[in-house]
Amino acid sequence: MNKIKLLYDVVKTMRNKEVLNGVLAVKVHKAEANLFSLRNEFEKNLLTGQTKAKINTELDYDGKTVKHESNTEFTIPRSGECKCHEFFARLHQSHATCCAGRLKDKFSRLLFALGVLNALQTEEQADKGILISLNANDLPEEAKMLLREKMSRAGECHHHEHGFLKEFCAAENLDFALNIFTNKNYEIDRIVITLVGTQKDEHNAPYDLTARAEVSFVW
């Protein structure tokens, strides 16, 4: 199966959608305990930017429990076409960046993207849909090293206010998996991301940290 052609068809199909309806669900666990959960039922008009959301969250951490429910509606302005002066400014900035010796970084990012593409797995399902999956273990060493660097920088977590976010970002042996379920019409039905890591308590005993995010679309 041609992965590039498949990704092209899926992205093109999703780009041509006028309205997106679905549910985002997130859960974070510390060992067997539920630290955080979120459920967002959303509806977004991609032409007008009008967005509706019904959000439920629950946080249970460090002896504190917080629950929140809200219904909101807002409009996200569509970005206009790039103006000429913006284009030339970006072109000049790109040229200056390359001249400053950043070309190697650009090749590193390209290498990472190609590594991800090469590691993607596709599997045809019984309903004629396609499962697109990516596991950290399948990435080449160069991509793994770049990913570890990003996770290490994120692990500092100076900008996170919530304790459980600091705890999760500082987890060891952080691993991830991505699964995208598409139907026979090249529409995305579900996207599932899982993160797994380990931490140590005050007695230096290890425990698991897991996070799972799932987006389900309604067509």
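Partners of Glu214 under the salt bridge (charged side-chain N to carboxylate O under 4.0 Å, His left out) rule, at least two apart in sequence or in another chain, are Arg190, Arg212. With sequence neighbours left out, the salt bridge (charged side-chain N to carboxylate O under 4.0 Å, His left out) criterion links Lys64 to no other residue. In this structure Asp9 satisfies the salt bridge (charged side-chain N to carboxylate O under 4.0 Å, His left out) test together with Lys5, sequence neighbours excluded. Applying the ring-ring contact (aromatic ring centres under 6.0 Å, His included) rule to Phe217 yields the partners Trp219; only residues at least two apart in sequence or on another chain are considered. Residues satisfying the side chain to side chain donor-acceptor pair (under 3.5 Å) test with Glu73, not counting sequence neighbours, are Gln50. Partners of Thr65 according to the side chain to side chain donor-acceptor pair (under 3.5 Å) rule, which considers only residues two or more places apart in sequence or in another chain, are Asp60. Applying the salt bridge (charged side-chain N to carboxylate O under 4.0 Å, His left out) criterion to Glu124, with sequence neighbours excluded, gives no partner residue.
Pairs of residues two or more places apart, or lying in two chains, never qualify as salt bridge (charged side-chain N to carboxylate O under 4.0 Å, His left out) while including a residue from residues 42-57. Every pair tested for salt bridge (charged side-chain N to carboxylate O under 4.0 Å, His left out) that includes a residue from residues 177-186 fails, sequence neighbours excluded, so the list is empty. Contacts classified as side chain to side chain donor-acceptor pair (under 3.5 Å) and involving residues 10-25 (residues at least two apart or in different chains) are given here: Lys17-Glu187.
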Determine all donor-acceptor pairs shorter than 3.5 Å in which one atom belongs to a side chain in residues 128-137; sequence neighbours excluded.
none

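Under the 4.0 Å criterion applied to side-chain N and carboxylate O atoms, Lys67 and Glu69 are not assigned as salt-bridge partners.
Within the hydrophobic cluster formed by Ile, Leu, Val, Met, Phe, Trp and Tyr side chains joined at under 4.5 Å, directly or through other members, Ile55 stands alone, with no partner residue.
No donor-acceptor distance shorter than 3.5 angstrom exists from the side chain of Lys3 to the backbone of Thr122, with no hydrogens or angles considered.
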